[in-house]
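Bear in mind the structure is a predicted one, so any value in this text is a computation, not a measurement. Below, each value reflects all heavy atoms present in this structure, side chains not excepted, and no hydrogens, waters or symmetry copies.
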Amino acid sequence: MMGTRSAAQGSLFYEFSLENHVPADHLLRSIDRFVDLSDIRRRLAPFYSSTGRPSIDPELMIRMLLVGYCLGIRSERRLCEEVHLNLAYRWFCRLDLSGPVPDHSTFSKNRHGRFRDSDLFRQLFEAVVARCISEGLVGGETFAADASLIRADANRQYSAPQPLWEQARIEAASAPRAVREYLEVLDDAAFGAASDTQPKFMSYADPAAQWTGAKKGPAHFAYADNYLIDTDHAVIVDVEATRAIRQAEVGSVRTMIERTKERFDLSPKRLAADTAYGSGEMLGWLVDEAGVEPHIPVIDRSLRSDGTFSASDFAFDTEADQYTCPAGNLLKKYWRDMTVPRTGITRDGFRRYFASKSDCSTCPLKDKCCPGQPARTITRHIHEAARDIARRLAGTEEYAEASRRRKKVEMLFAHLKRILRLDRLRLRGPNGARDEFHLAATAQNLRKMAKLIPMPPVTA
C-alpha cells in the first residue's frame, strides 16, 4: 500500500543534539581529540583592544580554517557556506544550530592583522607537532627533506621584466601589501638573498613569487613548500616557505633542522634527501656542524666516462695537502713559494691541484690521464671529507632504507595537492605562502594522528 504523503510542519519545540548526529567515524570527530586551542586567547590578548564591540571568537575562526584545510575547501566564502549547512562542521566549530557563522571577510582582516602579528599559525603548527611527539609518532632518528613547487596567485600577463623592479623605483608607502612584503624579504636568506640570479619576469600582483620552469613544462610563478619529516610515520616536524630556487630550498633544510632542535630538542641521526641537497656546503654543514649522517647522493662532476682517470684514481695526502697520480707523480696547489699567502679556494668552494708539465709530457699514462691537456688538474672541494663520508654511506643498507623512507615526503606533497587541493596558492606574498603552508602542514599532521591513533571505545 502506498504511504501517505508527509509534509513538513513547524513545531513549537525541538529536542536536537549535534553530538548525536555526527557519526562516530567522522574525520572531524577523530581530529577533534588533538585540537587544543585553550591557550589561543592568552596569546592573542595583547593584539585586541580592551574597549569597543566584542570581536568574533578567534577559536571559532581557527576551527573553521582547520575544517577548510583538512577537507580541501579552498574558498573561505564557500567554507562559511559549508559550515552554515553541515552539522558535523558546526559541531567541530562549537556552533549550535542558531549560532551565526562569521562573514568570509573576517578571516582576511584577522589574518593581515593579529594572526600574523602574533605568529599564530606557526604556534598552532608547533602545538600539533608537540602532540605528535607526545603520542609517540616521532622517532627522531631518520629525517627526510624535500621541496615542492606551489603555483602562486599570479600570471605572466600581469608581470614585467625584472629590471623594472629596481628597489629605488618602488614607493613602499603607496605600494600594495604584496609589494611591501617583497621589499621586506630582499635580504632574507629564504628569498632575495638566496641567490644573485634574478628572474626573467616579476609579477605585479606578487613580486616575491619566482618565475620558474623547473617542472619541465610552461614557466609559471611559484613558491617552494619545504618539508622536514620524521620518516617513522611521515609526521611533518617543520615547514618553510621559500623562493622557488634550489639555493633557497637547500638553505631551508638547515633552518628547519636548527629550529627543530631549538623547539623540540630533536636531533636526527641521519637525513635523507635527493641529489639537489648533495652540495659540498650542505654535506659539510651536516657532518661537521650538525653531526647528521647525510644519506644524500653527492653532486659529483669529477667522474669520467671516456676511459681516462677520474679524480678518485688519484691518492690524496691530507698532511702534505697534495695528490699522487697513478704514475707516482705529485699534484700540488702551487709549485713555487708565494710571496703573499693564498687560500687557493675558488668562488665555488674548490681547491685546484696541478701536475708538473714536465712530468705529464714524459708520462706513459698521459693518454689515459690528460690526452688533450699539457698537464692534469684535479679539483677538490673544501668539504671533500664530508663528501667522502656521504659516498661511503651510499653503499650501506641504512642508506637504502633511508632512500626508501624518503619517498614518504613525496607522498605528502601528492596528498597536499590532490586531496587537500593546495596546488595553487590563494593568498599572495611571502606571508600568504607561509600561512597556507603552515595550515596545510597542520591539517596533514592532524589527519595523520586521526588515522594512526584509534578512537577510544564509546562507553554506554
Would you say the side chain of [Y] lies within less than 4.5 Å of the side chain of [X], judging by non-hydrogen atoms?
X	Y	answer
Phe354	Arg376	no
Tyr353	Leu330	no
Glu141	Asp232	no
Leu228	Thr260	yes
Val179	Tyr204	no
Val67	Met64	no
Tyr223	Pro430	yes
Leu412	Gln444	yes

Exercise. Evaluate the criterion side chain to side chain contact (heavy atoms under 4.5 Å, CB included) for residue pair Arg111 and Asn431; output intermediate values, then yes/no.
Key: CA-CA 10 Å; Arg111 182 190 306 110; Asn431 287 332; over 6 Å; no
Practice problem: Take the angle between the ring planes of Phe316 and Tyr323 and call it parallel below 30°, perpendicular above 60°, tilted in between. | Solution: tilted
Quiz prompt | Phe350 and His381 aromatic ring geometry - parallel, tilted or perpendicular at 30°/60° bounds | solution =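 It falls in the perpendicular class, over 60°.
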Restricting to non-hydrogen atoms, name the atom on [X] and the atom on [Y] that form the minimum distance, rounded to 0.1 Å.
X	Y	result
Leu124	Leu37	CD1-CD2, 3.7 Å
Arg434	Val185	NH2-CG1, 4.3 Å
Asp274	Pro297	C-CD, 4.0 Å
Ala178	Arg428	CB-CB, 4.5 Å

Can a side-chain donor-acceptor contact be found between [Y] and [X] if the only test is distance below 3.5 angstrom?
X	Y	result
Ser159	Arg156	yes
Ser118	Arg114	no
Asn226	Thr242	yes
Glu436	Tyr69	yes
Ser310	Ser312	no

Quiz item: Please walk me through it: do Tyr182 and Phe191 pass side chain to side chain contact (heavy atoms under 4.5 Å, CB included)?
Solution: CA-CA 9 Å; Tyr182 159 72; Phe191 289 95; over 6 Å; no
Within a reach of under 6.0 Å around [atom1] of [X], are more than 12 heavy atoms found that belong to other residues, nucleotides or ligands?
X	atom1	value
Met411	CE	no
Asp306	CG	yes
Arg421	CZ	no

Exercise. Apply salt bridge (charged side-chain N to carboxylate O under 4.0 Å, His left out) to Arg405 and Glu401, showing your working.
Key: CA-CA 6 Å; Arg405 290 187 170 200; Glu401 175 66 13; 3.3 Å; yes
Hey, is [X] close enough to [Y] for a salt bridge, meaning N to O under 4.0 Å?
X	Y	result
Glu59	Arg63	yes
Arg131	Glu135	yes
Glu126	Arg259	no
Glu258	Lys261	no
Arg151	Asp423	no
Arg122	Asp238	yes
Asp321	Lys332	no
Arg426	Glu76	yes
Asp32	Arg29	no
Asp39	Arg42	yes

Interatomic distance, [X] atom [atom1] to [Y] atom [atom2] [nearest 0.5 angstrom]:
X	Y	atom1	atom2	result
Lys417	Asp225	NZ	CG	8.5 Å
Tyr399	His295	OH	NE2	9.0 Å
Ile345	Arg380	CD1	CZ	12.5 Å
Asp313	Thr324	CG	OG1	13.0 Å
Gln157	Ser203	CD	OG	10.5 Å
Trp285	Ser279	CH2	OG	12.0 Å

Quiz item: Can you check salt bridge (charged side-chain N to carboxylate O under 4.0 Å, His left out) on Glu289 and Arg254, steps first, answer last?
Solution: CA-CA 11 Å; Glu289 298 185 37; Arg254 176 172 179 172; 3.7 Å; yes
Using modelled atom types and a 3.5 Å cut-off, is there a donor and acceptor pairing between side-chain atoms of [X] and backbone atoms of [Y]?
X	Y	result
Thr362	Ser358	yes
Asp206	Gly429	yes
His26	Leu28	yes
Thr308	Lys368	no
Asn445	Ile236	yes
Asn110	Gly113	no
Arg418	Phe413	no
Glu240	Tyr227	no
Lys448	Leu452	no
Arg387	Ile299	yes

Quiz item: Does NZ or CZ of Arg270 fall inside the cone over Phe143's six-membered ring, less than 6.0 Å from its centre and within 45° of the axis?
Solution: no
Exercise. Walk me through it: do Glu184 and Arg180 pass the test salt bridge (charged side-chain N to carboxylate O under 4.0 Å, His left out)?
Key: CA-CA 6 Å; Glu184 292 172 358; Arg180 295 198 302 271; 5.8 Å; no
Quiz item: Given the rule in the side chain to side chain contact (heavy atoms under 4.5 Å, CB included) test, do Val287 and Glu293 qualify, once you have shown the distances and angles that lead to the verdict?
Solution: CA-CA 6 Å; Val287 173; Glu293 293 181 359; over 6 Å; no
Exercise. Could you walk me through whether Glu398 and Leu393 pass the side chain to side chain contact (heavy atoms under 4.5 Å, CB included) test, one step at a time?
Key: CA-CA 8 Å; Glu398 290 80 4; Leu393 289 171; over 6 Å; no
